Amino acid sequence: MEDQRSQAEQSRIAAYWRENWRLIIILLAIWFVVSYLHPPFAKALNNIHILTGFPLGYWLSSQGAITVYVILIFIYALRMNRVIDKKYGFDEEE
Amino acid sequence: MAQEGSYVRVTRKEISVFQSRLARYYGAFLVGLILFTLFTMLLELYAGLPNRVIGWLFILLTLGIYAFIGILNFTRRLDEYYVAGRRVPAVFNGMATGADWMSAASFISMAGTLWLLGYDGLAYIMGWTGGYVLLALLFAPYIRKFGQFTIPDFVAARFGEREKLARLVAAICAIIVSFTYVTAQVTGVGIIMSRFFGLDYRVGVFVGLAGVLLCSFLGGMKSITWTQVAQYIILIVAYLIPVTVLSARLTGIPFPQLMYGEALNQIVQIERQLNLSSYVEPFKTALSNASAVRSLSEIGLPAPEPMVNRDWVGTPWEFLALTFCLMAGTAGLPHILIRYYTVPSPKDARLSVGWSLFFIYLLYFTAPAYAAFSRWEVLRSVVGQQIATLPAWVNNWVQTGLLTINDANGDGILQFSELQIVGDIVVLATPEIAGLPFTIAALVAAGGLAAALSTADGLLLVISTALSHDIYAKIINPNASYGRRFLMSRVMILIAAVLAGLAAIPRLALIVQMVAWAFSLAASTFFPVLLLGIFWKRANANGAIAGMIGGLLTCIAYMAANYVNPNITILGLSHLSAGIFGMAVNFALQVIVSLATAPSPKHIQDMVEQLRIPVGELKVAPQPGAVAGGED
């Protein structure tokens, strides 16, 4: 009995951990793309102008990437706190 | 008396009551700050209040508020002293982290760095914000779940087979990283004090340190937290006002973050007419050892030949490497990590990182606007003008030495190459460029002071806890009484503050470099150890200790070599991104040494398992007799 319960508990934690990892990997992939893929092409991207006249390469590094960072963290926090934790019964105990 | 680890657990309801009370207090504080500024401005404009008095009003009022909050939060409880009682709501911890994080470098020097480096300076913008993504996804919730006091606490528990050695190495790393960084803050305090309040630089340093001690001495983390929230409010208001007015003046729309696109466009056009290299063009910063030459000769050591590495000329690879070093360093800085011990739960920790970055974002999103508008203004109404009829603000700043005009060809007209600026001027002179009264300039100085002091607070606490809690109470004298530990920690804050002051007095050119170095050092030591410690159960004490020592030494060696002689490079990287090598060595040593030696005992592996569960408190069961190498 004890063993079965603890085995169920173990697999619940393992499934939770896998789902956490999946979310982390997806968000880190986006983080990687917005941080590291555009700077090598900044010179070419600067020929495109957006909004009030920003050269695109400059804009991506100065505003684009950092805006995405803020959004990524809130997506992680809200999805973990409100969806994934609940799904696996790791709610607030109070 | 409250013992370590045991504390009153607060309920959700209590937190939300607490939070609304805090919102009322700080809301009132914000309104008060704005009213006070307006009132002083009226006095200045209509009653002729002298600048000196205005400067002193701002400095005394803000230091008075910090001292008041510090005294109000006097505490005799260890959990309050070290982790603010773990009841700081996520949003407020976000603001406190924002102030803790944004230093004199962010507030004063960031916009100037962008002015001077153009696109290449954006590595700092991305690096110093992108690190928070790593912090939120990989560290913060687990650090909070672990729930002790310091980062060496975590390292010691996770690598418990060699608890004392792991703790000692981690504590020394924390001290090295924090001390390089705190010296720069203290220098910033001295500069602001001397420039705006007419104090001697050295006196300024110690008046500023007295301000730091007032808040951290009595209430530790608890006072620091609530002071930092007030400091955040002051610094963000002070940062946003001048550039917003400047944007309205130059473009007609008071939204600098959006409107500086127009400024960039104008800059590019003017630069093309004048045949200058383009501000927005990437990768053109050359690497020289000028700073090393100056620093070494300042301390009287034989200085190397001045050299410039022209092959280097900022490659995309260096830009990416520097960005990554700054990110990993951000996630590994002990004074930021411990802020996530102070929230009520791992769930709050996740959210709190989001709020932290949001509050930091408000400033970082604006910094490039400062740089662009002032560059535009300089290109438009300073460069190409008669030197005799330059705008008034130019002459004011020439007197401070931050701006140098040298009519090399003697034609009476100022060419771009005849103008030299020190980066700090960009933020400091903007109120004047925008035609604002001195009151706003004093507010900016108070903001810069808030930024430097709040960061110094957090760093000094890390240094003092590493010495008093980790080295003294946990290693040297585990039976130290509770009162004695308190006494030690206060004595250590005092000693660390005095040492930081003394290190800042000679004003070495080295100091500016040290901020960037702190990130490479943190990236070479804590980042890999925390990452593998949390996510890889097989990592063991031998690996972690070897990794930290190897990473630290590699990083320092590469920095020193390339700093002195810029022609020594590996893969074309500069000393600023030495962390790449430190990190690589640290990860490699950790993996190899861990796999070559026995795994951590079972109770430690169980602890790693427990860290994954985002509710409840961690049950650490120290088992002194446990056999190493327990398998599941």
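On a predicted model such as this, the values are computed, not experimentally measured, just so you know. Letters A, B, ... are given to chains in the order of the sequence lines, protein chains preceding strands, and every chain is numbered from 1.
Residues B:Asp348 and B:Arg144 are not paired through a salt bridge, judged by the lack of any N-O separation under 4.0 Å between the basic side chain and the carboxylate. The pair B:Glu609-B:Lys537 meets the salt-bridge criterion, with a side-chain N (NZ, NE, NH1 or NH2) lying under 4.0 Å from an Asp/Glu carboxylate O. Checked for salt-bridge contact, B:Lys145 and B:Glu617 miss the test: no charged N lies under 4.0 Å from a carboxylate O.
Proximity to chain B (any heavy atom under 4.5 Å) is shown, for A:Leu23, by neither the backbone nor the side chain. Only the side chain of A:Leu51 comes within contact range of chain B, judged by heavy atoms closer than 4.5 Å. Looking at B:Leu138, the atoms closer than 4.5 Å to chain A (heavy atoms on both sides) all sit in the side chain, from C-beta outward. Only the side chain of B:Leu264 comes within less than 4.5 Å of a heavy atom in chain A; its backbone stays farther off. The contact between A:Asn81 and chain B is made by backbone and side chain atoms together, counting heavy-atom distances below 4.5 Å. Using a 4.5 Å cut-off between heavy atoms, A:Ile13 contacts chain B through its side chain alone, with no backbone atom that close. Contacts of B:Trp355 with chain A are made by both backbone and side-chain atoms, with heavy-atom separations under 4.5 Å. Both the backbone and the side chain of B:Gln257 come within contact range of chain A, with heavy atoms under 4.5 Å apart. Contact of B:Phe535 with chain A is made through the side chain alone, with heavy-atom distances under 4.5 Å. Proximity to chain B (any heavy atom under 4.5 Å) is shown, for A:Phe41, by neither the backbone nor the side chain.
For chain A, the option among B:Leu114, B:Leu258, B:Val268 with the highest count of heavy-atom pairs below 4.5 Å is B:Leu258. Chosen from A:Ser61, A:Ala77, A:Ser35, A:Ala65, the residue pairing most often with chain B at heavy-atom distances under 4.5 Å is A:Ser61. Contacts with chain A were tallied for B:Gly261, B:Pro368, B:Ala123; B:Gly261 has the most, counting heavy-atom pairs under 4.5 Å. With chain A as partner, the option from B:Leu134, B:Ile125, B:Leu357, B:Leu137 having the largest number of non-hydrogen pairs under 4.5 angstrom is B:Leu137. Highest contact tally toward chain B, considering only A:Tyr88, A:Trp21, A:Trp59, is held by A:Trp21 [criterion: heavy-atom pairs under 4.5 Å]. The residue among A:Asn20, A:Leu72, A:Val70 with the most heavy atom pairs within less than 4.5 Å of chain B is A:Val70.
In this structure, the ring of B:Trp101 has its center less than 6.0 angstrom from the ring center of B:Tyr132. Taking the six-membered ring wherever Trp is involved, the centroid distance between the rings of A:Trp17 and B:Tyr142 falls below 6.0 Å. The distance between the ring centers of B:Tyr119 and B:Phe319 falls below 6.0 angstrom. Ring-centre distance between B:Phe358 and A:Phe74: not below the 6.0 Å cut-off. Centroid-to-centroid, the aromatic rings of B:Trp128 and B:Phe519 come within less than 6.0 Å.
At a cut-off of 3.5 Å, with distance as the only test, no side-chain donor of B:Thr251 or B:Tyr260 sits close to an acceptor on the other residue.
Side chain of B:Tyr239 to backbone of B:Leu362: no donor-acceptor contact under 3.5 angstrom is found.
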